[in-house]
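Notes follow the structure.
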Amino acid sequence: MIKVVKFGGSSLADAKQFRKVGDIIRADESRVYVVPSAPGKRFSGDTKVTDLLYRCYDAAKEGKSFRDPLNDIRSRYNEIIKGLGLTVSLDDKFAEIEKSLASSPDKDYTASRGEYLNGILMAAYLGYEFIDPSEVIFFTEEGSLDARKTKQILGQRLQQVKKAVIPGFFGQGFDGRVKTFSRGGSDITGSIVAGACRADVYENWTDVSGFLVADPRIVDNPAAIKTITYKELRELSYMGAGVLHEDAIFPVRREGIPINIRNTNRPEDDGTWIVESTCQKSGYTITGIAGKKDFCAVLISKDMMNSEVGFGRKVLQAFEESGISFEHMPSGIDTMTVVVHESEFMDKEQQVVSTIHRLADPDAIEIESDLALIAVVGRGMKAQRGTAGRIFAALAHAHVNVRMIDQGSSELNIIIGVENRDFETAIRAIYDIFVVTQL
Ligand code: ASP
């Protein structure tokens, strides 16, 4: 049994957290490959080491002093070294970072040092080998992961090492320099390592006990999700349910490796299992609810639209020409609605409207703003009658006006558009009907 364990920044924020991580790793012999993030926040209002590194880079780039943030970073690591009683010194590494910042500051290289240094400490603490990701994780010329090369070289390397620490968040760019993933990218590294060694499980340790049915900022004490499929997760993450980086599912999904989200501060909790497919019923008809505010609906109407070949394409082309991606597109016989992010659309709205007129010659175009979208997701919905009925009854009781409905053909989710101001009420009403009263 091989487990790849990734620990997020808050799990490694100080020596006390490092100790918890050490206990977790030592409690299970199969936890052999460890992927650490950079030290995160120790308390609310604290600054992550990665953010401090970006500050160093920003200052260096403008020729300003980066001494203060760099000293803050140094003391964070020194505290960990002292707290754990380690004998390693990072002085040489800091000298290198300082030199690079002073001579030719490089954004990705600088940012990656948070994970790099934490990896060195973690390897010393555990007595594991250290693997530098810039020797084993590669990017393509376009800047995305070179999955084939990485799998081959990283896979070979892991075969030679029984236990290792591989820092998260970065690898080697096509130009040979250090390149990072987007923020939160250590999750991706964990997944890549799990895929390359064909792990049995990819454990992703963070500061929550997995995914919750709804956002705890909206619903009090929401139920936890025990098992969720990759597809369900994708729908929920897209709609704003954080915890795991969106791209982290692909490398393990390809190999059929489950992800187990766990809580470093409550290792006794089972957390959430993310799997390809399952016969486990979720506790409720729905698996989760997530949503986002601030969408815009562009309503386009034209008599006889239904019989005009190519109308939809022309409308979408107008959005494409302005570089705007659309989220949903419910349509009627003579109407079509394109839902977009308000922030993306706002500055280009008149350009889009005139292009639609030019390309598709509609009768009218109306724009409605302040729309919130809520995704109700669940693999169990397909087999259950009345799910939509229950959602809409609950919303009607809560006096929420439904502005849009879109059910994907997978029947995995129902998307509901409501006004921004009804967003929280709507989520609570849906949660109540499926989870609290279970009607
Ligand atoms: N340290 C990086 C960040 O803060 C990557 C990660 O934590 O996953 O985004």
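We count ligands from 1, going down the list as the structure has it; atoms in each ligand are counted the same way. None of the values given here were measured: they were computed from a predicted structure. Along the sequence shown, residues are numbered consecutively beginning with 1.
- Taking a heavy-atom cut-off of under 4.0 Å, ligand 1 is surrounded by Ser37, Lys48, Thr50, Glu115, Phe169, Arg183, Gly184, Gly185, Ser186.
- A search for ring-ring contact (aromatic ring centres under 6.0 Å, His included) contacts involving Phe181 returns Phe139, not counting sequence neighbours.
- Counting only residues at least two apart or in different chains, ring pair (Phe, Tyr, Trp, His ring centres under 6.0 Å) contacts with residues 44-85 are absent.
- Around atom CZ of Arg183, more than 12 heavy atoms belonging to other residues, nucleotides or ligands sit under 6.0 Å away.
- In the displayed structure, Lys107 atom NZ is contacted under 6.0 Å by at most 12 heavy atoms of other residues, nucleotides or ligands.
- Pairs engaging residues 94-123 under the ring pair (Phe, Tyr, Trp, His ring centres under 6.0 Å) rule: Tyr116-Phe130 [sequence neighbours left out].
- Between atom CG of residue Leu70 and atom CG of residue Leu52 there is a gap of 9.5 Å, rounded to the nearest 0.5 Å.
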